[in-house]
Amino acid sequence: MTGGPGWTGATGRPTRFLLARHGQTPLSVDRRYSGQGDPRLTDLGLLQAERTAARLAAHPHLAAVVSSPLSRALGTAERTAKAAGVPLVVDDDLIETDFGSWEGLTFREASEQDPELHSRWLGDTTVSPPGGESFDEVRERVERGLRRIVSERPGGVVAVVSHVTPIKLAIRAGLNAGDDLLFRLHLDLGSVSDVRFYPDGPTSVHLVNDTSHLD
């Protein structure tokens, strides 16, 4: 996906992505790598899901909800679609990174298990965890998913409920930014970001990591 932020001269109505991160799980409490495993939401995570869903569903022009297949994202997506009366689509391309053998480990545990590889992985998007995906591989499928949504919902408002890496990659595409964004951008649980893709190519980012609805 291409394009840049700011004064682009874009024309037409953009496809607007309201990007929501799922709520808290036991793995996020302990700051463990949580990829394609399927932990349930905690009590706080359920509250975050309810509040995030209420915010997304309140958008007057919401056309659809697209979700990762994992239950921690579907919890928010299902609530949003039901409250807004719009279709829910599950998209495997929006699933979190496969962290391979690092799944469930803390940062320190993964670093101790594979010190040289973990160090390289932290700065090189072509490097994969043992048995997992590189960020370049994740970017390829996430951008494929975004293009599909744009083609199916041109000019529409779509809530996308996903995970930290796919949302960062959507923001990266919106900013036409470099790989450093993946390692520097922080996204809170239950946060909402707003990225827009115009039919003639340009993009713009209007909101990043908003958690005001969780207060």
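Along the sequence shown, the residues carry numbers beginning at 1.
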Would you kindly confirm whether V29 and L70 end up in one hydrophobic cluster when ILVMFWY residues are joined by side chain heavy atoms under 4.5 Å apart?
no

Can a donor-acceptor pair be found between the side chains of W102 and D114 at a distance below 3.5 Å?
yes

Are S162 and H22 close enough that a side-chain donor and a side-chain acceptor fall under 3.5 Å?
no

Scan side-chain atoms only and decide if T97 and E133 contain a donor-acceptor pair under the 3.5 Å cut-off.
no

Here's a test for you: under side chain to side chain contact (heavy atoms under 4.5 Å, CB included), which of H206, R153, H59, H61 qualifies with R16?
H59

Any salt bridge linking E109 with R32? Criterion: basic side-chain nitrogen under 4.0 Å from a carboxylate oxygen.
yes

Between the side chains of R141 and E137, is the shortest nitrogen-to-carboxylate-oxygen separation below 4.0 Å, so that they form an ion pair?
no

Under 4.0 Å between a side-chain nitrogen and a carboxylate oxygen: does that hold for R55 and D210?
yes

Check R21 with D188, please: is the shortest side-chain N to carboxylate O separation under 4.0 Å?
no

CZ (F135) and CD (E140) are apart, to the nearest 0.5 Å, by 15.5 Å

Would you say the side-chain atoms of T211 and H213 include a donor-acceptor pair closer than 3.5 Å?
no

Does either side chain, that of T126 or that of D136, offer a donor lying less than 3.5 Å from an acceptor on the other one?
no

Quick one: sort the F99 and Y33 rings into parallel, tilted or perpendicular, breaks at 30° and 60°.
tilted

Can any side-chain N or O of E96 pair as donor or acceptor with the backbone N or O of Q36 at less than 3.5 Å?
no

